[in-house]
Amino acid sequence: MTATILDGRAVSATILDRVQKDVAEFVAQHDRLPVLATVLVGDDPASHTYVRMKANRCGRVGMQSRRVELDAGITTATLVDRIRDLSADPAVDGILLQHPVPEHIDERAAFEAIAPSKDVDGVTRTSFATMAFDEGGFHSATPGGIMALLDAYDIPLAGKHAVVIGRSPILGKPAGMLLLARDATVTYCHSRTRELADHVRRADVVVAAVGRPALIRGEWIKPGAVVVDAGYADDSGDVEYESAVERASYITPVPGGVGPMTIATLLAQTIRAARHHGSASATNTCEGS
Ligand code: NAP
C-alpha cells in the first residue's frame with residue numbers, strides 16, 4: 001500500500017480562497033482592512049521566516065499585517081506591555097506572538113497578555129478552555145489546521161484510536177482534545193512514555209508533534225493508519241517518511257502538510273476576529289498592506 005498524500009498546500013489554498021472572499025466582503029462592509037499584528041522577539045532565523053510567510057499570506061488574502069519586532073533582550077514586563085497595547089488597540093483584529101520566545105521570557109505571561117477576542121493563534125488559557133469545552137472559540141492554529149486537513153479528506157475519527165506524540169499546550173495537548181471532541185479514543189505520549197513503539201503500533205491515527213527527526217519509525221505504523229506529522233526540525237518531520245508512506249493509508253508530507261494548514265487556520269481565525277470587531281475601528285485605510 002502506498003498512502004494518499006494529505007496535501008496541506010492544496011487544502012490550505014482552498015481555505016485561503018475563502019478567506020480572501022471573506023476579507024473582500026469585510027472591506028466592502030467596513031471600509032478598512034482586517035489587521036493581524038505579528039510579534040517577533042529576537043533574531044531566530046526560523047522564526048523570522050515563519051513571520052515573513054504569515055505576513056506574505058496576509059497580503060495575498062488582502063489583510064494587513066503589522067509587524068512588531070523586539071530585541072532579544074527585552075524583559076517579560078516590557079513584552080507584556082507591548083502585547084497589552086495591541087490588545088487594547090481597536091485597529092488590531094488579531095495578535096500572533098511567534099514562539100518560541102527567548103528562554104528568559106515567561107512565555108505564558110506573554111501569551112496571556114493577548115486579549116482572548118484577538119487570540120487568533122489560539123494560545124491563551126481562554127482559548128484552551130473554550131476548545132476543551134467545545135464552545136467554538138479560537139483553536140490553537142496547528143491542531144485546528146490538522147483537523148481541517150483530516151476533514152478535507154473525510155477521514156473518519158469516531159471510535160478510532162488516535163495516538164498523539166507530544167503534549168505541548170499549543171500543539172500536542174490541544175490536538176488530542178480536538179480528536180477527543182470528535183469521538184476518537186486518545187492516547188498521549190511524551191518524553192516519559194515507555195515503549196513508544198507499542199503505542200504507535202496500536203494507532204489508527206498517529207499525530208507526531210515532537211520535533212525530533214525520524215523519531216517515529218515507519219515499521220511502527222499500523223498498516224492503513226493515518227499519519228499526521230507536525231514535527232519540524234533540521235528540515236524534516238518526526239516520522240520516517242519513506243517507510244511510513246508504504247504502510248499508511250494517508251500521510252502528510254513535510255513540508256507541505258501541516259505547515260500550510262497552520263497559516264490557513266491563523267488567517268481564517270483572523271477574519272473571524274475582524275468580523276467580530278466589525279467596524280470598531282475606521283482608522284485603517286484600505287491602502288497597502
Ligand atoms: P515542544 O513544546 O518542545 O514539545 C515537544 C513535545 O514532545 C513535548 O511534549 C515532549 O515531551 C515530547 N517529546 C520530546 N521528546 C520525546 C520523545 N523522545 N518521545 C516522545 N515525546 C517526546 O514543541 P512544540 O511547540 O509542541 O512543537 C513540536 C514540533 O512541532 C516542533 O518540531 C515544532 O517545530 C513543530 N511545529 C510545527 C508547526 C507547524 O505549523 N507545522 C507549528 C508548531 C510547531 P515532554 O512534555 O515530556 O517534555
Side-chain angles (χ1 to χ4, degrees), residues 6-9 11-12 15-16 38 40 44-54 56-57 96-103 105-108 110-111 120-123 127-128 131 138-150 162-179 186-203 206-217 220 227-241 251-269:
L6 294 168
D7 187 345
R9 284 203 181 103
V11 175
S12 67
I15 294 172
L16 291 174
T38 60
L40 178 60
D44 175 56
S47 293
H48 271 270
T49 304
Y50 292 139
V51 168
R52 200 169 43 244
M53 281 164 65
K54 287 164 187 172
N56 287 345
R57 286 286 187 288
L96 165 94
L97 170 61
Q98 184 63 42
H99 44 88
V101 291
E103 267 182 22
I105 287 176
D106 179 347
E107 184 177 78
R108 181 48 39 203
F111 281 152
V120 293
D121 200 27
V123 295
S127 294
F128 190 87
M131 196 164 31
F138 293 122
H139 286 173
S140 188
T142 302
I146 290 171
M147 299 307 288
L149 188 57
L150 294 173
V163 172
V164 180
I165 308 115
R167 56 172 169 178
S168 74
I170 53 109
L171 212 179
K173 208 176 276 183
M177 285 159 42
L178 292 176
L179 289 160
V186 178
T187 299
Y188 283 102
C189 299
H190 45 79
S191 66
R192 308 291 295 274
T193 297
R194 295 182 191 159
E195 313 300 348
L196 179 62
D198 290 346
H199 290 288
V200 174
R201 282 193 178 102
R202 286 192 290 270
V206 178
V207 176
V210 178
R212 290 192 47 181
L215 173 72
I216 314 297
R217 308 250 283 273
W220 300 352
V227 177
V228 176
D229 190 352
Y232 193 69
D234 301 331
D235 293 331
S236 44
D238 289 340
V239 178
E240 218 177 45
Y241 184 85
I251 192 166
T252 55
V254 178
V258 174
M261 294 303 296
T262 298
I263 299 182
T265 304
L266 173 75
L267 298 191
Q269 295 194 141

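What you see is a predicted model, and the numbers here were worked out from it, not measured in a lab. Whatever order the structure lists ligands and atoms in, that order sets their numbers, starting from 1.
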**Q** Taking 4.0 angstrom as the limit and counting only heavy atoms of Ala230, give me the atoms of ligand 1 inside it, by number and element.
**A** 30 (O), 35 (C), 36 (N), 37 (C), 41 (N)
**Q** Does atom CZ of Arg201 have more than 12 heavy-atom neighbours, drawn from other residues, nucleotides or ligands, at distances under 6.0 Å?
**A** yes
**Q** If every non-hydrogen atom of Ser12 is compared with every non-hydrogen atom of Ala264, which pair is closest and at what distance?
**A** CB-CB, 3.8 Å
**Q** Identify the two heavy atoms, one from Tyr188 and one from Gly166, that lie closest to each other, and give their separation to 0.1 Å.
**A** CD2-O, 4.1 Å
**Q** Taking only distance into account, with no hydrogens and no angle test, what donor-acceptor pairs under 3.5 Å do side-chain atoms of residues 96-103 form with protein atoms, sequence neighbours excluded?
**A**
from, atom 1, to, atom 2, distance (Å)
Gln98, OE1, Lys54, NZ, 3.0

**Q** Using modelled atom types and a 3.5 Å cut-off, is there a donor and acceptor pairing between side-chain atoms of Tyr241 and backbone atoms of Pro253?
**A** no
**Q** Return the closest protein heavy atom for atom 31 (C) of ligand 1 as residue, atom name and distance.
**A** Gly211 CA, 3.7 Å
**Q** Can you list the atoms of ligand 1 that are under 4.0 Å from a heavy atom of Ile170?
**A** 25 (O)
**Q** So if I count the atoms of ligand 1 from 1 in the order they appear, which ones are less than 4.0 Å from some heavy atom of Ala209?
**A** 5 (C), 6 (C), 7 (O), 28 (C)
**Q** Would you mind finding which of Asp238, Thr142, Thr193 brings a heavy atom closest to atom 38 (C) of ligand 1?
**A** Thr142
**Q** If you have a sec, work out which protein heavy atom is nearest atom 40 (O) of ligand 1 and how many Å separate them, to one decimal?
**A** Thr262 OG1, 2.8 Å
**Q** Treating Thr193 as the side-chain partner and Leu196 as the backbone partner, does any N or O pair qualify as donor plus acceptor under 3.5 Å?
**A** no
**Q** Closest non-hydrogen protein atom to atom 48 (O) of ligand 1, residue and atom name please, with distance?
**A** Ser191 OG, 3.6 Å
**Q** Can you list the ligand 1 atoms lying under 4.0 Å from a non-hydrogen atom of Ile165?
**A** 20 (C), 21 (N)
**Q** For atom 20 (C) of ligand 1, which of the options His190, Arg167, Lys173 provides the nearest non-hydrogen atom?
**A** His190
**Q** Using heavy atoms and a 4.0 Å limit, tell me yes or no: is Gly259 in contact with ligand 1?
**A** yes
**Q** Counting only N and O atoms by type, is there a donor-acceptor contact under 3.5 Å from the side chain of Thr252 to the main-chain atoms of Asp229?
**A** yes
**Q** Any pair with a residue in residues 255-266 that passes side chain to side chain donor-acceptor pair (under 3.5 Å), sequence neighbours left out, goes on the list, sorted by first then second residue, please.
**A** Thr142-Thr262
**Q** Donor-acceptor pair, distance only, cut-off 3.5 Å: does the side chain of Gln269 make one with the backbone of His139?
**A** yes
**Q** Considering only heavy atoms, does Met261 approach ligand 1 within less than 4.0 Å through its side chain, its backbone, both, or neither?
**A** neither
**Q** Among protein heavy atoms, which lies nearest atom 18 (N) of ligand 1, and at what distance?
**A** Arg212 NH1, 3.2 Å
**Q** Could you tell me, atom by atom, which parts of ligand 1 come under 4.0 Å of a heavy atom of Gly166?
**A** 6 (C), 7 (O), 9 (O)
**Q** If the cut-off is 4.0 Å to any non-hydrogen atom of Gly231, which atoms of ligand 1 fall inside it?
**A** 29 (C), 30 (O), 32 (O)
**Q** So, the side chain of Asp234 versus the backbone of Ser236: is there a donor-acceptor pair under 3.5 Å, distance only?
**A** no
**Q** Please list the nearest protein heavy atom to atom 2 (O) of ligand 1 with its residue and the distance rounded to 0.1 Å.
**A** Ser168 CB, 3.4 Å
**Q** To check you understand the geometry: which heavy-atom pair defines the closest contact between Lys173 and Arg167, and what is its length?
**A** CE-O, 3.5 Å
**Q** For atom 23 (O) of ligand 1, tell me which residue out of Val258, Asp234, Leu171, Val210 has the closest non-hydrogen atom.
**A** Val210
**Q** Name the closest protein heavy atom to atom 34 (O) of ligand 1, giving the residue it belongs to and the distance to 0.1 Å.
**A** Tyr232 O, 3.1 Å
